[in-house]
S.K.: 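Dumping the structure here so I can ask a few things about it.
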Amino acid sequence: MASAVAAQVQSSPASAPQLQRGIVKMVLSGCAVIVRGQPRGGPPPERQINLSNVRAGALARRAVQGQPDTKDTPDEPWAFQAREFLRKKVIGKEVCFTVENKTPQGREYGMVYLGKDTSGENIAESLVTEGLATVRREGIRGNNPEQARLCDLEDQAKAAKKGLWSEGGGAHTIRDLKYTIENPRNFVDSLHQKPVNAIIEHVRDGCIVRALLLPDYYLVTVMLSGVKCPTFKREADGSETPEPFSAEAKFFTESRLLQRDVQIILESCPNQVILGTILHPNGNITELLLKEGFARCVDWSMAVYTQGAEKLRAAERSAKERKVRIWKDYVAPTANLDQKDRQFVAKVMQVMNADAIVVKLNSGEHKTIHLSSIRPPRLEGEEKNKDKDKRFRPLYDIPYMFEAREFLRKKLIGKKVNVTVDYIRAATSAMETGGVPAFPERTCATVTIGGINIAEALISKGLATVIRYRQDDDQRSSLYDELLAAEARAIKNGKGLHSKKEVPIHRVADISGETQKAKQFLPFLQRAGRSEAVVEYVFSGSRLKLYMPKETCLITFLLAGIECPRGSRNMPGGMQVAEPYSEEATFFTKELVLQREVEVEVESMDKAGNFIGWLHIEGVNLSVALVENALSKVHFTAERSSYYKTLLSAEETARQRKEKLWANYEEKPKEEVAQLTEEKERVAKYRAVYVTEITDGLHFYAQDVETGTKLESLMESMRGEIAAQPPVEGSFSPRRGDFCIAKFGDGEWYRARIEKVESPAKVHVYYIDYGNDDARTDAVDSVVRDIQNTQCLLNVEYSGIVCPHVTLQFADSKDDVGLGLVKEGLVMVDVRKEKHLQKMVTEYLNGQESAKSARLNIWRYGDFRDDDAVEFGYRR
């Protein structure tokens with residue numbers, strides 16, 4: 001244990017034994033101490049000094065492990081009291097000593113004095129005076145006054161019946177030492193983390209000690225909670241190899257704790273290892289070890305540390321910043337970042353699943369931030385292999401992923417947060433990770449809002465878990481311990497992922513592009529009026545994907561009333577170039593509504609199954625906002641909307657600013673407009689036409705009689721040309737909107753326009769000179785019977801969205817075809833408010849009343865419109 005190496009020496013006169021000084025490191029018994037020198041660049045030398053001419057009782061000794069013949073040896077009477085008397089008097093204090101005798105085995109005997117010279121208290125005399133040691137009278141020399149004085153002091157102690165000389169034999173001074181504890185965990189739990197008085201008997205390394213618990217004399221090995229020091233590795237041959245700074249760490253703990261009176265809080269006992277915190281009057285050794293760079297924090301035991309894990313992290317951080325001892329080569333994860341890039345305030349624009357957000361910096365740049373040290377919900381084991389044929393949607397198919405995303409969305413979207421970058425995770429390739437997809441470089445940070453750590457809040461609700469790291473992996477959250485504590489609470493309370501209940505299932509129907517499903521769903525949305533929705537994705541400035549929480553479905557939504565610039569997209573004929581300001585419009589819509597809660601009014605749907613309507617966010621109509629910011633123009637379909645005037649006003653304001661879409665706008669002369677608005681009476685200018693085709697909606701196609709001969713000659717010329725030079729198959733590549741000639745069912749060629757290209761072999765065309773449709777309704781049958789392929793008179797009354805609205809008269813009788821249909825009860829009157837049409841509308845309404853009275857056709861069951869009440873969702 002001790003070696004006879006030279007300590008700091010101070011010479012005395014040549015006649016006297018050499019006087020030496022040192023600091024008492026340890027008291028072995030009532031008559032032996034270990035003295036050390038001052039440290040010089042490492043642990044100092046030390047030597048054992050036995051007190052001359054006195055003897056104290058031997059302390060208890062445990063049986064040698066592995067030798068069944070040996071037995072535990074108890075204390076001799078008053079041995080422990082002698083050791084304690086000496087320990088309290090000299091431990092850690094400076095003493096001077098003389099070596100009077102040295103045995104062949106290397107044992108040194110001498111006199112020890114408290115202080116710097118021999119004028120101090122003689123330790124041997126003090127022990128004899130208290131009756132705690134006996135004087136070795138054999139071999140006493142008569143000419144040695146020091147020995148004579150010891151004998152006198154012993155006689156006085158005997159007379160006073162002190163210590164060893166007291167009556168009763170001293171059996172009550174023998175300790176009942178307990179070397180083992182049958183159930184360490186129950187023992188630790190029984191103390192309820194209350195401080196226990198103890199003496200540190202041995203220091204194995206910087207963070208593991210052997211302690212004597214008082215007053216019950218339990219001898220236990222305690223490992224410091226939350227830290228790990230460099231150790232001495234035991235090799236196969238039994239030798240020990242010290243890790244860097246292990247000896248220094250051990251000395252640091254020894255010099256402060258060995259044989260000191262301390263208090264120990266026993267905190268936990270995993271795997272029969274007792275974890276605790278040692279409290280000394282001068283401070284907490286755990287924090288000191290970390291601060292001086294002799295230890296590092298460990299996560300597995302940090303969770304049970306009761307004195308505040310943040311103090312340990314702060315101490316470790318201080319050592320890292322100063323690069324002391326084990327941290328001499330330490331490089332901080334964010335060392336290469338400027339201060340402004342390490343800590344900043346940003347606005348949250350988007351939540352990506354459950355562990356990442358997109359924020360907008362003050363510079364306007366968008367940056368993806370991953371929450372440090374957390375793992376979002378994921379599929380485990382057999383769940384990964386289920387329903388392989390089913391389209392996998394992580395947000396809805398991974399348990400608790402939707403709840404986690406919604407928690408972050410409601411908490412953060414559109415709000416300013418404080419971001420503290422903890423580390424930058426380097427990019428990984430698929431090869432390095434063995435089949436795992438490659439990840440780009442990720443910025444991982446602690447995000448707080450209103451003092452709340454978002455990652456901690458997410459974990460405490462059981463909506464994410466904490467990533468476990470290797471002990472030497474420093475790339476982790478700066479508040480890692482709080483995350484572990486939050487996870488422990490979530491596990492204890494059975495929250496979210498840790499719940500034993502059945503996982504929530506989200507059956508969300510995606511009807512985007514599903515025309516049939518959209519048709520079925522349309523009436524419900526129309527009757528609902530304003531419906532709540534969440535914007536899940538923004539395709540362009542006016543095209544969005546919405547989640548309808550009440551209906552639990554996803555729909556594609558187009559903004560009504562505006563014409564927004566189109567972005568680039570793949571077309572059958574190649575890539576379509578983006579229109580000017582399409583990106584700006586998309587960015588504007590994203591900033592305003594992405595992942596926000598909005599209200600939508602669905603008015604109709606297009607042929608692709610996309611719903612069309614108005615979107616409102618916090619009282620702002622998105623269509624109006626886009627027009628106001630010169631990123632869209634008003635579309636003519638907005639004319640019959642209640643927002644039409646607002647849209648026109650917004651467009652006029654944007655037009656006046658002459659920016660973006662209106663940058664090159666030149667105002668038209670106003671005189672032409674004035675002439676158009678002066679017309680107050682209906683003007684009847686009938687012209688002769690030839691009706692060629694009638695559709696289900698009572699739209700019909702007509703040819704002017706005046707130009708009929710020209711058309712016939714044109715067709716004859718065209719067909720003659722084709723007969724002379726037949727078209728070569730494959731020579732024409734059809735594109736939507738192109739004009740061409742196409743062969744109709746009658747085998748003749750007609751002029752046409754390409755409407756849709758399904759494949760090179762199947763193309764939809766529209767015959768521009770004739771319209772053709774075989775499906776008929778009763779009303780259409782009546783019209784077909786009367787006017788198709790006959791000459792009529794036509795007058796344009798007003799313009800419509802798709803085509804002009806007209807009145808039609810029979811050429812011979814001049815009877816109104818539309819009025820005849822109304823009187824037969826085959827159609828209803830569309831009431832117009834224009835003044836110049838009121839006379840004709842009144843005549844039509846009178847005809848409708850007579851058909852209703854006679855219960856003709858659609859009126860056969862009375863006026864069915866009476867059920868169109870507000871309570872059924874009908875709005876006039």
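All values below come from the heavy atoms of this structure, side chains included, with hydrogens, waters and symmetry mates left out. This is a predicted model, so every value here is computed, not measured.
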S.K.: For the residue pair Ile49 and Val35, what are the closest heavy atoms and their distance?
M.R.: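 Scanning both residues, the minimum pair turns out to be CG1-CG2, 4.3 Å.
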S.K.: Tell me whether Asp75 contacts the main-chain N or O of Ala60 through its side chain, where contact means a donor paired with an acceptor under 3.5 Å.
M.R.: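 At least one qualifying donor-acceptor pair exists.
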S.K.: Would you say Thr70's side chain and Val64's backbone share a donor-acceptor pair under 3.5 angstrom?
M.R.: yes
S.K.: Less than 4.5 Å apart, any side-chain heavy atom of Val262 and any of Ile199?
M.R.: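 With C-beta onward as the side chain, the pair stays apart.
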S.K.: Between Arg425 and Glu441, is there a side-chain heavy-atom distance shorter than 4.5 Å?
M.R.: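 The answer is no; the side chains never approach within 4.5 Å.
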S.K.: Strictly distance-based, threshold 3.5 Å: is any side-chain N or O of Asp72 a donor or acceptor partner for the main-chain N or O of Ala63?
M.R.: yes
S.K.: With sequence neighbours excluded, tell me which residues meet ring pair (Phe, Tyr, Trp, His ring centres under 6.0 Å) with Tyr305.
M.R.: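 Partners of Tyr305 by the ring pair (Phe, Tyr, Trp, His ring centres under 6.0 Å) criterion come out as none, since no residue qualifies.
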S.K.: Is Glu316 salt-bridged to Lys320, going by a charged N under 4.0 Å from an acidic O?
M.R.: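 Looking at Glu316 and Lys320, the cut-off is met.
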S.K.: Output every pair passing ring-ring contact (aromatic ring centres under 6.0 Å, His included) with a member in residues 63-95, not counting sequence neighbours, ordered by first then second residue.
M.R.: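 Only Trp78-His172, Phe80-Tyr217 qualify under ring-ring contact (aromatic ring centres under 6.0 Å, His included).
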S.K.: Quick one, Tyr469 with Ser373, criterion side-chain hydrogen bond (donor to acceptor under 3.5 Å, both in side chains). Give me CA distance, side-chain angles, the key distance, then yes/no.
M.R.: CA-CA 9 Å; Tyr469 297 96; Ser373 301; 2.9 Å; yes
S.K.: Is there a side-chain contact between Thr221 and Ile274 (heavy atoms, below 4.5 Å)?
M.R.: no
S.K.: Under the salt bridge (Lys or Arg N to Asp or Glu O under 4.0 Å) rule, what pairs show up with a residue in residues 254-275, not counting sequence neighbours?
M.R.: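 Salt bridge (Lys or Arg N to Asp or Glu O under 4.0 Å) check on residues 254-275 returns Lys25-Glu254, Arg87-Asp261.
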S.K.: May I ask you to say whether Glu240 pairs ionically with Arg234, meaning some side-chain N is under 4.0 Å from a carboxylate O?
M.R.: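 Judged by the 4.0 Å cut-off on N to carboxylate O distance, Glu240 and Arg234 do form a salt bridge.
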S.K.: Should Asn453 and Thr448 be marked as a side-chain hydrogen bond (donor to acceptor under 3.5 Å, both in side chains) after you check the CA-CA gap, both sets of side-chain angles, and the distance that decides it?
M.R.: CA-CA 4 Å; Asn453 180 355; Thr448 59; over 6 Å; no
S.K.: How close do Leu212 and Leu177 get, counting heavy atoms only, and between which atoms?
M.R.: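 So the minimum-distance heavy-atom pair works out to CD1-CD2, 3.5 Å.
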S.K.: State yes or no: are the ring centers of Tyr218 and Tyr179 separated by less than 6.0 Å?
M.R.: no
S.K.: For Ala82 and Leu132, work out which heavy atoms get closest and say how close.
M.R.: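 Here Ala82 and Leu132 meet closest at CB-O, 3.5 Å.
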S.K.: Counting distance only, does the side-chain N/O of Ser166 pair as donor-acceptor with the main-chain N or O of Lys162 below 3.5 Å?
M.R.: no
S.K.: Begin with the C-alpha distance, continue with both residues' side-chain angles, and end with the deciding distance and a verdict on side-chain hydrogen bond (donor to acceptor under 3.5 Å, both in side chains) for Thr231 and Asp205.
M.R.: CA-CA 6 Å; Thr231 60; Asp205 59 39; 5.4 Å; no
S.K.: Ser225 side chain to Ser301 main-chain N or O, any donor-acceptor pair under 3.5 Å?
M.R.: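 Checked: no pair found.
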S.K.: Is there side-chain contact between Val447 and Asn418, with heavy atoms separated by less than 4.5 Å?
M.R.: no
S.K.: Going by side-chain hydrogen bond (donor to acceptor under 3.5 Å, both in side chains), name the residues that satisfy it together with Lys158, two or more places apart in sequence or in a different chain.
M.R.: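 Residues passing side-chain hydrogen bond (donor to acceptor under 3.5 Å, both in side chains) with Lys158: none at all.
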S.K.: For the side chain of Ser318 and the backbone of Lys291, is there at least one donor-acceptor N/O pair under 3.5 Å apart?
M.R.: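 Not a single qualifying donor-acceptor pair exists.
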S.K.: side-chain hydrogen bond (donor to acceptor under 3.5 Å, both in side chains), that's the test. Do Ser52 and Glu100 meet it? Break it down for me.
M.R.: CA-CA 8 Å; Ser52 298; Glu100 297 176 345; 3.1 Å; yes
S.K.: Would you say Ile374 and Val466 make side-chain contact, with heavy atoms under 4.5 Å?
M.R.: no
S.K.: Could you list all the salt bridge (Lys or Arg N to Asp or Glu O under 4.0 Å) pairs where at least one residue sits in residues 477-488, not counting sequence neighbours?
M.R.: Arg313-Asp481, Arg468-Glu487
S.K.: Once rounded to the nearest 0.5 Å, what's the spacing between atom CD of Glu76 and atom OG of Ser29?
M.R.: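 So the CD of Glu76 and the OG of Ser29 are separated by 10.0 Å.
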S.K.: Is it true that Lys178 and Asp176 make a salt bridge, defined as a side-chain N closer than 4.0 Å to a carboxylate O?
M.R.: yes
S.K.: Taking ring pair (Phe, Tyr, Trp, His ring centres under 6.0 Å) as the definition, give me every residue that meets it alongside His192, ordered by chain and number, with sequence neighbours left out.
M.R.: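 Ring pair (Phe, Tyr, Trp, His ring centres under 6.0 Å) check on His192 returns nothing, list empty.
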S.K.: How about Leu224 and Val222: do any of their side-chain heavy atoms sit closer than 4.5 Å?
M.R.: no
S.K.: Salt bridge between Arg325 and Glu248, side-chain N to carboxylate O under 4.0 Å?
M.R.: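 Not counted as a salt bridge, because no side-chain N and carboxylate O are separated by less than 4.0 Å.
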S.K.: Do you know which two heavy atoms are closest between Lys89 and Ile123, and how far apart they sit?
M.R.: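 Where Lys89 meets Ile123 most closely, the heavy atoms are CD-CD1, 4.1 Å.
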S.K.: Is it the case that over 12 heavy atoms from other parts of the model lie below 6.0 angstrom from the CZ atom of Arg62?
M.R.: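 Yes, the 6.0 Å shell around CZ holds more than 12 heavy atoms from other groups.
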S.K.: Is the backbone N or O of Glu125 less than 3.5 Å from a side-chain atom of Thr129, with the two atoms forming a donor-acceptor pair by type?
M.R.: yes
S.K.: Restricting to non-hydrogen atoms, name the atom on Asp299 and the atom on Leu484 that form the minimum distance, rounded to 0.1 Å.
M.R.: CB-CD1, 4.0 Å
